[in-house]
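Below: one structure, written as structure tokens.
Reminder, nothing fancy here: chain letters follow the sequence lines and each chain counts from 1.
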Amino acid sequence: MAFISSGYNPDKPMEGRISDIGPRHYTDFLPPVIAKNYGKWAYHEILEPGVLMHKAESGDEVYTVRVGSTRLITVGLIQEICDIADKHCGGHVRWTTRNNIEFMVDSKAKVAPLKADLAARKFAGGSAKFPIGGTGASVPNIVHTQGWVHCHTPATDASGPVKVIMDELFHEFQTMELPAPLRLALACCLNMCGACHCSDLAVVGIHRKPPQIDHEVLENICEIPLAVSACPTAAIRPSKTEFEGKEKKTVAIKEDRCMFCGNCYTMCAALPLADSEGDGCAIMVGGKVSNRISNPKFSKVVVAYVPNEPPRWPTLVKTVRQIVDAYKKGANKYERLGDWAERIGWERFFDVTGLQFTKHLIDDFRDPAYYTWRQTTNFKW
Amino acid sequence: MAKHQTPMLDELTKGPWPSFVDDIKAEAARRAANKDGVEYQIPVDVCDDLLGILELAYKDKETHWKHGGIVGVFGYGGGVIGRYCDVPQQFPGVAHFHTVRLNQPGGKFYTTEYLRDIMKIWDMRGSGLTNMHGSTGDIVLLGTFTEQLEEIFYEMTHKLNTDLGGSGSNLRTPAECMGMSRCEYACYDTMALCYALTNEYQDELHRPAFPYKFKFKFDGCPNGCVAALARSDLSFVGTWKGAIKVDQKAVAAYVAGELKPNAGAHAGRDWGKFDIMKEVVNLCPTQCMSYDGKTLSINDKECYRCMHCINTMPVALKVGDEKGLCMLAGAKAPILDGAQMSSLLVPFLPVEEPFDEIKEVVENIWEWWMEEGKNRERLGETLKRLGFGKILEVTGITPDARHVQHPRENPYIFWSAEEVGGWDRDIKEYRKRHAR
Amino acid sequence: MALDMATAQKTILDFLEGKAKSKTKFYFNDFCDLFPDEKSRDVKKVLTELVKGEKIVYWSSGSTTMYGLKGLGKHADGEE
């Protein structure tokens, strides 16, 4: 494994340096039919789940086959995607905001062979490489974070829970039977790198125990003022302790103030937060971003805690299924999950989903909490 | 024969949804076989070790990663996230596992040539694992060693004319919906505006000097497919003024069942015959529509452009001709004081190159926030702390009833001295009228 | 008031050296406080020059960024 230089000279880092060039211009990459009809599209149709037809004012048509994909994806699989795009799509492909891949062709005749090719490709264990779906009133792909694959403060994995939830909701991905789109998100801790706070259904990893303090090494590997200032709730202060007969500089944590964000661990590896027993997931529902019919709204926590049960998180999956089924059954056409819950009332939501309401679902975090309590006698039995 | 046994992860090769475990296993095998004779610059078995450490996390139910403070390449304060594993002896292939964020092309359109070129560099100098894409929008190259970072940057800039994305307290990589490239709803050219602002603000993107992260997102219409309203400090959402354009013949075709409502989005279930009253007119949140059996009428002055009727009958209804965008400010995830969505700041701006009006608003906000924002305070939090009036003041925008959901519910107004004719008075004059 | 680049650089380096025993990483705002009469954009230019001159380096938590003297700071062996 001999080191191969790119041409970069570490002794003269500024020599021949190219910087501040930004991304490549998108016009380098547009398929011809897209470039030609840019800004001149007339309307679209979803021909079947996962297949879209966009009609241009010129009469041109572009057919899009949308497939689900794992966000975590390898060079080998991307090369395979390129092979498919070369074979069917003139060497063009795109991704959606929700980690779907879109293969576009410029005539209807090219759709069937493309679909057949995509559907035939399977992983070794039998799962689909490129499942077609995710359009219209379906469960489109989940947006998510890194989890145990790469993050240092996750309270759960991301790729694994996404896999098992999408296995469960595969039918809903491949069909359009729901009242409206049901957008899912998963964030592996409450920093929410995914947009969980405005999703129809979101899984959020939560820690429930404050960080441990590794007094033995803390002063050697951390700057105490930085660990102290990292805490958003000012729960950490400098301190001293005796460790094996020696006085050590360290920190003290006011544990009941901890909100489990992991910022301190980011700054100081001697304050680990992960805990197999404490960690798990909360489930939030009813958020949306679209302005359609009702205003955008935040998701609400309806399950305070589900334990981590790798590898397949059965309790989490079962709970998600319960919510999806109740929504599917009860909501009107075009009604997003949050609009449905508001129409029937959240007290009824807990009835029809069979979820248990607990004290942890009553907000007690800072000022906005008051606005979530009920200041009326209008409620249902 | 796999390097590490992964009985738990193997459970995730089952089921119909694409298995990331099978994908990574295949990648491990591909690297081991090395058919193309690649001179791998980081351990060949990095994917095996990634599966090994992930299996361990599944067993322990705890992560095995630590943060590293490394930020990027020389002269840049962002674009790389430092990561180390806490069991390097066991899994040396992932001892370092830094990520590199590349600024994705607009609309996430690729040619296979470009994509293969990126993959070729990453195959040789990284783990072979990526995220397509990160939450913010970047191409995320997942996992490499420190000594490869400059090499990767050099090759990406010199060979592929491609720069890094953002991380830390800077402008994060802006992202947009595909807009006019393939969507009839787009009210402005999201890709053009996103590209222009990304390039205009390269210094802000690469050299952090903000109190905290700052995000731009561009949605072409109020449907909000990139969730600008929920996720960006400045949200640019397409909108229009004036009448929705109606094709009455096409309306009749929807009523007659010749066209599928909502472009066929509900075709998987029998919802009964399309009922324009129930499904469009009565669902209109402003009740500004009527249908007399022949003609669909819209009282456009009362419409607030939620998109429902247009989404439901896309062949018949089109967004109005006078197009532009709304700017909203201050969205963020819940940490620390609760989630915020962006609040309406500029109700309407036309979107015309070189976008000077938009840039002026952006720069005024930055100048103010850089002075007033506390460390690790998002724009939305600064707004909450100092009041919405402040951002109107620094951007020179006239207060308007559109800025609020409703007027304030208390009269505790901080009047300025100028507004009340000054505060200095003569107590003696007062005493002439009032005894002590 | 125009900022003199050389003087400003020295002010920053003196500040960092003075604090080095207790703390090695600082927010951008901490440097703005050293130059109360200057626009933050001008302070940024000084910091950028110091980075280019290999005197100071960035440090990032991923979400936020800090600045410090090159070669200082505590971390586990083999990391940076």
Side-chain angles (χ1 to χ4, degrees), chain A residues 6 8 13 18 20-24 26 29 34 39 41 43 45-46 70-77 82 85-86 91 94-95 97 123-125 127 136-137 148 152 154 159 163 166-167 170 175-177 192-193 195 197-198 232 266 269 274 276 289-293 296 308 310-311 333 368, chain B residues 8 11-13 15-20 22-23 27 30 57-58 61-63 65-67 74 103 105-106 108-109 111-112 119 123 128 131 135 150-151 154-155 157 163 180 184 191 198-199 202 222-224 226-227 230-231 263-266 268-269 271 306-308 314-315 333 336 338-339:
Chain A
S6 59
Y8 171 73
I18 297 175
D20 299 83
I21 54 173
R24 284 278 291 274
Y26 51 89
F29 304 120
I34 296 288
W41 296 98
Y43 63 87
E45 281 175 38
I46 305 169
T70 54
R71 185 181 91 142
L72 172 59
I73 185 170
T74 65
V75 166
L77 192 56
C82 290
D86 283 341
R94 80 172 283 265
W95 267 260
T97 303
F123 284 111
S127 65
W148 293 335
H152 65 296
S159 298
K163 160 74 176 151
M166 286 310 288
D167 277 345
F170 196 67
T175 55
M176 301 189 290
E177 297 174 354
M192 296 196 199
C193 300
H197 58 299
C198 291
T266 302
S276 62
V289 183
S290 162
N291 291 275
R292 184 177 187 174
I293 303 178
N308 278 328
K333 190 177 177 186
Chain B
M8 291 182 92
E11 290 298 311
L12 294 174
T13 63
W17 187 254
S19 169
F20 70 97
D22 264 341
D23 184 21
E27 186 70 1
R30 195 184 66 84
Y58 270 56
K61 297 197 265 186
E62 288 167 356
T63 192
W65 301 105
K66 293 190 290 181
H67 180 67
F74 185 76
N103 198 144
K108 301 186 172 80
F109 282 95
T111 56
T112 52
M119 291 308 125
D123 197 23
N131 289 152
S135 296
E150 288 289 351
E151 310 296 329
Y154 193 93
E155 296 207 298
T157 50
D163 208 337
M180 290 185 166
E184 68 269 26
M191 284 163 51
T198 305
N199 281 277
Q202 283 288 296
N223 281 326
V226 295
R231 325 194 272 161
H266 299 267
R269 178 158 155 189
W271 291 93
C306 84
M307 296 295 294
H308 174 63
V315 181
L336 172 68

### Query
So which of B:Gly338, B:Gly128, B:Pro314 has the biggest tally of heavy-atom pairs under 4.5 Å with chain A?
B:Gly128
### Task
Find the one option among A:Thr266, A:Asn308, A:Val75, A:Val289 whose heavy-atom pairs under 4.5 Å with chain B are most numerous.
A:Val75
### Query
So which part of B:Asn199 gets closer than 4.5 Å to some heavy atom of chain A, the side chain, the backbone, both or neither?
side chain
### Summary
Hits for side chain to side chain contact (heavy atoms under 4.5 Å, CB included) against A:Ser127, two or more places apart or cross-chain, chain-then-number order -> A:Phe123, A:Lys163, B:Ser19
### Task
Supply the atom-to-atom distance B:Lys61 NZ to A:Ser276 OG, rounded to the nearest 0.5 angstrom.
6.0 Å
### Query
Okay, side chain of A:Asp167, backbone of B:Trp17: is any donor-acceptor separation there less than 3.5 Å?
yes
### Value rounded to 0.5 Å, distance of NE2 in A:His152 from NZ in B:Lys66
12.0 Å
### Task
Please determine, among A:Asn291, A:Thr70, A:Thr97, the option with the most heavy-atom pairs under 4.5 Å with chain B.
A:Asn291
### Query
Is there a donor-acceptor pair closer than 3.5 Å between any side-chain N or O of A:Glu177 and the backbone N or O of B:Arg269?
no
### Query
Among B:Thr157, B:Val315, B:Thr63, which has the most heavy-atom pairs under 4.5 Å with chain A?
B:Thr63
### Summary
Counting heavy-atom pairs under 4.5 Å with chain A, the top scorer among B:Ala230, B:Pro18, B:Ala57, B:Gly15 is B:Pro18
### Message
If you define the side chain from C-beta out and look only at heavy atoms, does anything of A:Tyr8 sit under 4.5 Å from B:Glu155?
### Response
no
### Task
Please determine, among A:Pro232, A:Ala85, A:Pro368, the option with the most heavy-atom pairs under 4.5 Å with chain B.
A:Pro232
### Summary
Contacts of A:Glu45 meeting side chain to side chain contact (heavy atoms under 4.5 Å, CB included) (sequence neighbours excluded), chain-then-number -> A:Tyr43, A:Leu47, A:Met53
### Message
I'd like to know which of B:Ala227, B:Cys306, B:Pro105 tops the heavy-atom pair count under 4.5 Å against chain A.
### Response
B:Cys306
#### Entry: Under 4.5 Å from a heavy atom of chain B, the part of A:Ala269 involved
side chain
### Interface residue of largest heavy-atom contact number with chain B, from A:Ile73, A:Ile34, A:Asp86, A:Leu72, under 4.5 Å
A:Ile73
### Message
So does A:Gly22 get a backbone contact from the side chain of B:Asn103, meaning a donor-acceptor N/O pair under 3.5 Å?
### Response
no
### Task
Start with the C-alpha distance between A:Arg71 and B:Phe20, add both sets of side-chain angles, then the distance that settles side-chain contact (heavy atoms from CB on, under 4.5 Å), and finish with yes or no.
CA-CA 9 Å; A:Arg71 185 181 91 142; B:Phe20 70 97; over 6 Å; no
### Greatest number of heavy atom pairs closer than 4.5 Å to chain A - which of B:Glu184, B:Met119, B:Lys108
B:Glu184
#### Entry: Exercise: identify the closest heavy-atom pair between B:Ala339 and A:His197
CB-CD2, 3.7 Å
### Query
With no hydrogens and no angle check, is any side-chain donor or acceptor of B:Trp65 less than 3.5 Å from a backbone partner on A:Trp148?
yes
### Message
Please classify the contact between A:Thr175 and chain B as side chain, backbone, both or neither, with a heavy-atom cut-off of under 4.5 Å.
### Response
neither
